[in-house]
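Notes follow the structure.
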Amino acid sequence: MEHEHFRPESCSGAGDFRLTAALTVWNEADIIEACVRNLFAEGCDEVVFLDNGSADDTVALAEGAGARCLGVFHTEGFNDAERRDRLCAIAKEMSAASGAPSWWLFLDADEFPTGPGRLTVREYLAAQPEAVRCVGSYWVNHFPGLRPQNLPGFHPADLQPLAGLRRPATPFCIWGRYCPQEHAKHQLVRYDPGRPVPEVGLGFHSVTCAEPLVEPQGGILTHHFQFRAPEQTLSRLLNLTRPNGKGFSRHAPPHVWEAWRRGELATSRHQYNHRVAVAEAMYDPARQGAVLGYRPEDWRALLSGPDGHAGISRWYGEGELREAVAAALSPEEHAVWLADRIGRVAAEGPEFLLAEAARLVASGDRAGAVHCCKVLSRRHPRSAQARQALELMAGAAIGSPMP
């Protein structure tokens with residue numbers, strides 16, 4: 001792929017466009033609702049998906065969150081080429097029918113993309129010039145810590161704060177460099193009427209085109225959550241790797257086994273088997289660092305820059321999250337989780353805390369609002385938001401939030 005680079009801040013926006021997310025799913029009931037809600041929160045006009053024969057409630061949950069199922073297909077195993085071809089055919093057909101520029105975001109259910117800084121994906125794309133037709137993504141791998149590691153309907157980053165950047169030179173990255181910026185994937189491509197169609201590679205890592213492709217400097221971030229609740233994660237991995245009655249596994253169907261036997265795929269046979277061993281160690285804090293080769297850190301600090309901490313999209317409030325966590329844990333576990341959460345939420349910055357306090361006041365949760373304002377006053381005592389918190393409490397006749 002040929003690359004030219006633009007700095008978004010130096011370019012005028014590309015005008016109106018349609019943003020559609022497309023994915024294939026297989027037994028993703030524990031995360032699909034949050035995946036779809038995140039995509040809409042990031043500015044997608046539509047979320048479409050193909051189901052690869054799920055045996056759980058994946059389809060119903062995805063449709064309940066607003067996604068549209070375009071069909072069900074069955075394969076003997078995981079077939080990356082077939083799912084890529086099916087999704088790209090849908091993107092080409094729908095883009096041609098619209099007759100207008102269309103951005104497509106290809107992803108898996110455990111991937112949660114967002115724009116850089118505190119931008120949504122749509123806001124980021126709107127700042128790009130018309131010459132830009134593909135956008136790369138840096139991957140942020142998240143790792144399990146305190147329970148619960150995942151709750152359906154909530155952004156997993158709120159439950160798995162520990163993360164590490166996934167790049168070709170770091171552990172947990174098995175591909176080479178697909179572009180000079182070391183993007184892990186090129187999940188965002190634009191289809192334009194009358195212009196050559198970009199062709200997305202396997203796994204959405206690369207993209208090629210008959211004309212030079214232009215991507216901006218930087219790119220989006222994709223938060224990746226392959227390790228969720230241990231029971232579901234290990235069960236899913238075992239279902240991918242366990243040999244069936246025909247002598248092959250879902251991840252290694254007959255054509256993959258034959259390619260491996262001929263020496264054409266040196267690592268594919270063992271890739272997911274290795275992940276089972278990794279997953280088993282991932283839920284043991286004493287072994288996690290050794291497996292990774294580095295120590296994960298809070299994603300907010302990991303992704304902080306000159307404009308402050310990076311953000312994620314949320315479609316729920318802090319109070320809703322805490323209620324769901326409390327219902328999933330024992331009182332002792334919840335106390336530990338809450339103490340950890342308080343410190344991490346403070347890293348979101350005074351704007352987040354003030355907005356959450358205002359939401360809690362509006363919902364009638366006075367105790368929650370006072371708690372947010374106390375954290376804000378302690379962590380950011382000289383900020384304008386701390387003064388506004390006092391005004392908010394006074395206006396709500398709650399009294400001073402100061403301890």
Are any non-hydrogen side-chain atoms of Leu329 and Trp337 less than 4.5 angstrom apart?
yes
By side-chain contact (heavy atoms from CB on, under 4.5 Å), Glu42 pairs with (sequence neighbours left out) Asn38, Thr114, Thr120, Val121, Ser313
Classify the angle between the aromatic ring planes of His142 and Trp299 as parallel (below 30°), tilted (30 to 60°) or perpendicular (above 60°). tilted
Are Asp110 and His224 close enough, and set up right, to give a side-chain hydrogen bond (donor to acceptor under 3.5 Å, both in side chains), and what steps lead you there?
CA-CA 6 Å; Asp110 61 359; His224 184 218; 3.2 Å; yes
*Do side-chain atoms of Ser98 reach the backbone of Ser95 as a donor and acceptor pair under 3.5 angstrom?*
yes
If the threshold is 4.0 Å, N to carboxylate O, is there a salt bridge linking Lys185 and Glu111? yes
Notebook entry, point to check: Taking 4.0 angstrom as the limit, do Arg190 and Asp192 come out as a salt bridge?
Noted result: yes
For Ala357 and Ala369, the nearest pair of non-hydrogen atoms, with its separation, is O-CB, 3.8 Å
For this session: Could you tell me whether the side chain of Asn52 reaches within less than 4.5 Å of the side chain of Phe73, counting heavy atoms only?
Result: yes
Presence of salt bridge, Glu391 and Arg387, under 4.0 angstrom:
no
Value for CH2 (Trp103) from SG (Cys44), rounded to nearest 0.5 Å, stands at 12.5 Å
Using 30° and 60° as the class boundaries, would you call the ring planes of His183 and His186 parallel, tilted or perpendicular?
perpendicular
**Prompt:** Does NZ or CZ of Arg122 fall inside the cone over Phe17's six-membered ring, less than 6.0 Å from its centre and within 45° of the axis?
**Reply:** yes
CG of Leu237 to CD of Gln232, rounded to nearest 0.5 Å, is 12.0 Å
- Is the shortest distance from a Lys or Arg side-chain nitrogen in Arg341 or Glu318 to a carboxylate oxygen in the other one below 4.0 Å? yes
Correct closest heavy-atom pair for Tyr283 and Pro230 would be CZ-CA, 3.6 Å
Worksheet entry | Ion pair Asp30/Arg236, N-O distance below 4.0 Å | no
dist His334:NE2 -> Leu146:CG (nearest 0.5 Å) comes out at 11.5 Å
Would you confirm whether Ser383, through its side chain, and Ala386, through its main-chain N or O, come within 3.5 Å as a donor-acceptor pair? yes
* **Any Cys209 side-chain heavy atom under 4.5 Å of Val197 side chain** => no
Residues passing the side-chain contact (heavy atoms from CB on, under 4.5 Å) test with Arg84, sequence neighbours excluded, are Ala81, Cys88, Leu202, Phe204
Sorted by chain and residue number, the side-chain contact (heavy atoms from CB on, under 4.5 Å) partners of Asp57 (sequence neighbours excluded) come out as Leu61
Requested in this report: Find out whether Leu162 and Pro144 are in side-chain contact, i.e. whether some heavy atom of one side chain is under 4.5 Å from a heavy atom of the other.
Outcome: no
Practice prompt. Check whether any side-chain N or O of Thr233 sits under 3.5 Å from a backbone N or O of Arg228 as a donor-acceptor pair, and report yes or no.
Written response: yes
Q) Is Ser377 reaching over with its side chain to a backbone N or O of Cys373, donor-acceptor style, under 3.5 angstrom? A) yes
### Task
Please confirm whether the backbone N or O of Ala55 pairs with a side-chain atom of Asn27, one donor and one acceptor, at under 3.5 Å?
yes
With a 4.5 Å limit on heavy-atom distance, are the side chains of Arg133 and Arg195 in contact?
yes
In this structure, CG of Leu188 is separated from SG of Cys134 (nearest 0.5 Å) by 9.0 Å
Mark yes or no for whether Gln181, through its side chain, and Pro216, through its backbone, hold a donor-acceptor pair below 3.5 Å. yes
Can you find a pair of side-chain heavy atoms, one from Trp104 and one from Arg18, that are under 4.5 Å apart? no
Closest heavy-atom pair, Val140 versus Ala163, reported as atoms and distance to 0.1 Å, is CG1-CB, 3.6 Å
CZ (Phe106) and CZ (Arg83) are apart, to the nearest 0.5 Å, by 10.5 Å
So that I can tick it off, tell me whether Arg68 and Glu63 are bridged by a salt bridge, with the cut-off set at under 4.0 angstrom between side-chain N and carboxylate O. no
### Non-hydrogen side-chain atoms of Leu151 and Val325 separated by less than 4.5 Å
yes
| said: Test side chain to side chain contact (heavy atoms under 4.5 Å, CB included) on Leu159 and Arg147; report intermediate values, then the result. | reply: CA-CA 8 Å; Leu159 300 159; Arg147 293 183 61 245; over 6 Å; no
Item checked: pair Leu105-Thr20: side-chain heavy atoms closer than 4.5 Å -> no
Handout entry: Heavy-atom donor-acceptor pair, Tyr191 side chain to Glu93 backbone, under 3.5 Å
Key = no
Discussion item. Tell me whether Asn150 contacts the main-chain N or O of Ala229 through its side chain, where contact means a donor paired with an acceptor under 3.5 Å.
Written reply: no
Of all heavy-atom pairs linking Phe40 and Ala65, the shortest is CE1-O, 3.7 Å
The reported gap from OH in Tyr124 to CG in Leu221 (rounded to nearest 0.5 angstrom) is 9.5 Å
Note: Trp26 and Ser54 closest approach over all heavy atoms is CA-OG, 3.3 Å
(request) Using modelled atom types only, decide if a donor and an acceptor are shared between the side chain of His223 and the backbone of Trp139 within a distance under 3.5 Å. (result) no
Expected output: side-chain Trp315 to main-chain Gly153 donor-acceptor under 3.5 Å: yes
